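Report on the following structure.
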2 protein chains.
Amino acid sequence: MTNIKKDNTEEKILSAAQNVFVRKGMDGARMQEIADEAGINKALLHYYFRSKQQLFEAIFKSVFGKIMPNIMLMATSEKSIEEKLGAFIENYIDILMKNPFLPTFILKEIHRDPEFLAGMIKESGLQPELIISMFKQEMDNGNIRKMDPRDLIINILSLSIFPIAAKPLMSVVFFDTDQKSYNKFIEKRKVTVKEFVLHSILIK
Amino acid sequence: MTNIKKDNTEEKILSAAQNVFVRKGMDGARMQEIADEAGINKALLHYYFRSKQQLFEAIFKSVFGKIMPNIMLMATSEKSIEEKLGAFIENYIDILMKNPFLPTFILKEIHRDPEFLAGMIKESGLQPELIISMFKQEMDNGNIRKMDPRDLIINILSLSIFPIAAKPLMSVVFFDTDQKSYNKFIEKRKVTVKEFVLHSILIK
DNA sequence: GTCTATAAAGAGATAGAC
DNA sequence: GTCTATCTCTTTATAGAC
């Protein structure tokens with residue numbers, strides 16, 4: 001029989017820890033801040049997760065595990081290549097817009113601890129070969145022009161992720177720090193990026 | 001008359017600080033590590049730069065100031081639009097390959113302290129309008145197809161920067177952590193990205 | 001200018017009461 | 001399970017000798 005109090009608290013901790021870690025990163029995050037945001041004290045954090053490191057790993061795995069499967073969806077759907085790519089780009093940019101700190105958080109942490117990342121990817125059962133072979137298939141069938149599938153994947157991710165990762169810079173340089181026009185611009189990019197990518201894979 | 005010892009030491013500090021800050025970021029960097037790398041002790045760091053914050057700001061300004069003018073080169077050259085873009089992409093990817101921690105460092109720090117960034121950009125005299133109006137001119141002249149110049153700029157930067165920023169992830173997922181094949185791939189991308197971008201701005 | 005020694009504050013982690 | 005109080009170690013920063 002599950003203890004209601006425990007579950008509530010653990011959820012509150014995880015939620016608060018995700019907020020703080022994703023914004024500040026492992027190095028910048030403070031256990032005190034997480035405790036405050038969860039409405040509890042530091043001691044209780046250590047009761048649920050022995051150390052900051054363990055709490056961080058729980059958060060990183062959770063966040064990483066939510067973002068990655070989206071990418072794999074490109075491989076498994078039954079739709080046409082145009083539809084698959086379109087749906088992915090639209091959906092992915094949407095997720096990132098709602099979590100604008102996520103891209104830079106992941107970039108930060110994979111630089112800080114690449115070995116942890118490597119181990120996690122192995123555990124995760126992520127299979128990039130599936131996407132690669134899907135694209136190869138489409139090329140062999142003459143549906144899209146021949147190119148290195150890795151370039152295609154990386155182009156899609158670059159165009160979708162970078163403008164969110166660089167939000168503070170773009171916001172100042174192009175939008176005079178006005179959030180609304182930045183958001184409108186990114187919203188439009190769902191279409192722009194889609195067209196841009198589809199245009200690039202057409203058989204000439 | 002300049003004191004040789006002082007200049008040498010200050011240079012050693014700046015060089016060491018750049019190495020450490022760019023890799024670890026403000027939050028992850030330690031004054032002790034910078035001192036060690038410079039071959040001096042912590043007290044001397046504080047003698048030259050009163051605080052960690054001041055040392056960090058000196059480094060960030062310097063690094064940011066070296067990277068940004070490159071982008072402005074797109075606006076000022078007299079060559080054709082194809083040549084300008086080609087030269088920029090090749091040169092920019094080259095710089096980033098030699099400084100693979102730079103993109104993530106800048107992304108990290110602009111999230112940590114966006115106001116410092118905003119102030120710096122104002123001081124820097126960076127003029128994005130110049131690039132934008134250059135692209136508008138090319139569109140009006142019918143040299144490239146009409147689009148939002150900001151999208152074009154962001155696409156170029158995304159395709160050039162993101163694959164370096166995500167190096168640890170790409171390295172594991174696509175290259176089994178083999179640095180050589182990763183580097184070879186990025187080297188090839190100088191051409192790939194150039195073609196990709198040029199293809200996208202052609203009049204259809 | 002450069003060093004050693006140390007102050008002062010910060011931050012993760014634990015002890016023990018309730 | 002949750003809290004207060006505290007320990008311990010780290011880290012920035014300064015004092016003062018040379």
Side-chain angles (χ1 to χ4, degrees), chain A residues 1-63 105 108-109 111-113 116, chain B residues 1-63 105 108-109 111-113 116:
Chain A
M1 172 143 173
T2 48
N3 183 327
I4 287 177
K5 262 195 172 172
K6 177 181 185 300
D7 287 354
N8 269 339
T9 303
E10 184 160 348
E11 277 168 34
K12 275 192 293 182
I13 291 177
L14 287 171
S15 164
Q18 177 165 331
N19 273 334
V20 175
F21 274 131
V22 168
R23 280 175 172 71
K24 307 279 183 77
M26 173 66 173
D27 291 333
R30 293 293 166 258
M31 295 296 268
Q32 184 62 60
E33 191 178 350
I34 295 173
D36 291 345
E37 185 140 339
I40 57 170
N41 56 51
K42 280 187 296 177
L44 207 48
L45 286 183
H46 285 92
Y47 174 79
Y48 280 87
F49 300 86
R50 191 175 307 280
S51 65
K52 183 184 181 187
Q53 177 65 24
Q54 281 190 30
L55 180 53
F56 169 79
E57 291 187 6
I59 297 299
F60 188 85
K61 277 183 192 174
S62 152
V63 161
F105 167 67
K108 254 194 286 225
E109 302 307 332
H111 276 93
R112 197 181 55 81
D113 192 350
F116 175 60
Chain B
M1 170 143 173
T2 48
N3 181 326
I4 288 178
K5 261 196 171 170
K6 178 181 185 297
D7 288 354
N8 269 337
T9 303
E10 186 160 346
E11 276 167 35
K12 275 191 293 181
I13 291 177
L14 286 171
S15 164
Q18 176 164 332
N19 273 333
V20 175
F21 275 130
V22 168
R23 281 177 171 71
K24 307 279 183 75
M26 172 66 172
D27 292 333
R30 293 292 166 258
M31 293 297 266
Q32 183 62 60
E33 191 179 350
I34 295 173
D36 290 346
E37 187 141 337
I40 57 171
N41 57 51
K42 282 185 294 178
L44 207 47
L45 286 183
H46 285 91
Y47 176 79
Y48 280 87
F49 301 84
R50 191 175 307 279
S51 65
K52 182 184 179 184
Q53 178 65 24
Q54 281 191 29
L55 180 52
F56 169 79
E57 291 187 6
I59 297 299
F60 188 83
K61 279 183 190 170
S62 152
V63 161
F105 168 67
K108 253 193 289 222
E109 302 306 333
H111 276 93
R112 196 180 56 81
D113 192 350
F116 175 60

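Since we're looking at a predicted model, the values are computed, not measured. Below, chain A is the first sequence line, B the second, and so on; all start at residue 1.
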Practice task
Would you please confirm or rule out a distance under 4.0 Å between OP1 or OP2 of C/dT14 and any side-chain N or O of A/H46?
Solution key: no

Exercise for the section: Please examine the side chains of A/L14 and A/Q18, heavy atoms only from C-beta on, and report whether any two atoms are closer than 4.5 Å. Expected result: no

Practice task
Check the distance between D/dT10's C1' and B/D27's CG and give it to me in whole angstrom.
Solution key: 15 Å

Practice task
May I ask you to verify if any side-chain N or O of A/T9 is less than 4.0 angstrom from the OP1 or OP2 atom of D/dT2?
Solution key: yes

Problem - Length of the line joining A/E11:CD and D/dG1:P, which is rounded to integer Å - result: 14 Å

Handout entry: Presence of B/R30 side-chain N/O under 4.0 Å of D/dT12 phosphate oxygens OP1/OP2
Key = yes

Fill in the blank from the handout: The side-chain hydrogen bond (donor to acceptor under 3.5 Å, both in side chains) partners of B/K24 (sequence neighbours excluded) come to B/E33

Problem - Atom pair distance, as rounded to whole Å: CE in A/M31 and C1' in D/dC9 - result: 16 Å

Exercise for the section: Taking the side chain as every heavy atom from C-beta outward, state whether A/I34 and A/N19 have any pair of such atoms under 4.5 Å apart. Expected result: no

Practice task
Return the value, rounded to whole Å, for the distance between atom CZ of A/F21 and atom P of C/dA11.
Solution key: 13 Å

Problem - Residues that A/A58 engages under side chain to side chain contact (heavy atoms under 4.5 Å, CB included), provided they are two or more places apart - result: A/F49

Practice task
Calculate the interatomic distance between A/F49 atom CZ and C/dG12 atom C1'; express it in whole Å.
Solution key: 16 Å

Completion exercise
Here the distance between atom P of D/dT10 and atom CD of B/E33, to the nearest Å, is 15 Å

Problem - Positions of residues 34-45 of chain B (non-hydrogen atom under 4.0 Å from DNA chain D), listed by number - result: B/K42, B/A43

Exercise for the section: Could you check how far CD of A/Q32 sits from C1' of D/dT10, rounded to whole Å? Expected result: 17 Å

Practice task
Apply ring pair (Phe, Tyr, Trp, His ring centres under 6.0 Å) to A/F21 and A/F56, showing your working.
Solution key: CA-CA 7 Å; A/F21 274 131; A/F56 169 79; 5.3 Å; yes

Problem - side-chain N/O B/Y47 vs D/dA13 OP1/OP2, d < 4.0 Å - result: no

Problem - Approximate separation, where rounding is to 0.5 Å, of B/L44 CG and B/H46 NE2 - result: 11.0 Å

Exercise for the section: Please tell me if the side chains of A/R30 and A/K52 come closer than 4.5 Å, counting only heavy atoms from C-beta onward. Expected result: yes

Practice task
In whole angstrom, give the distance that lies between atom NZ of B/K52 and atom P of D/dT14.
Solution key: 15 Å

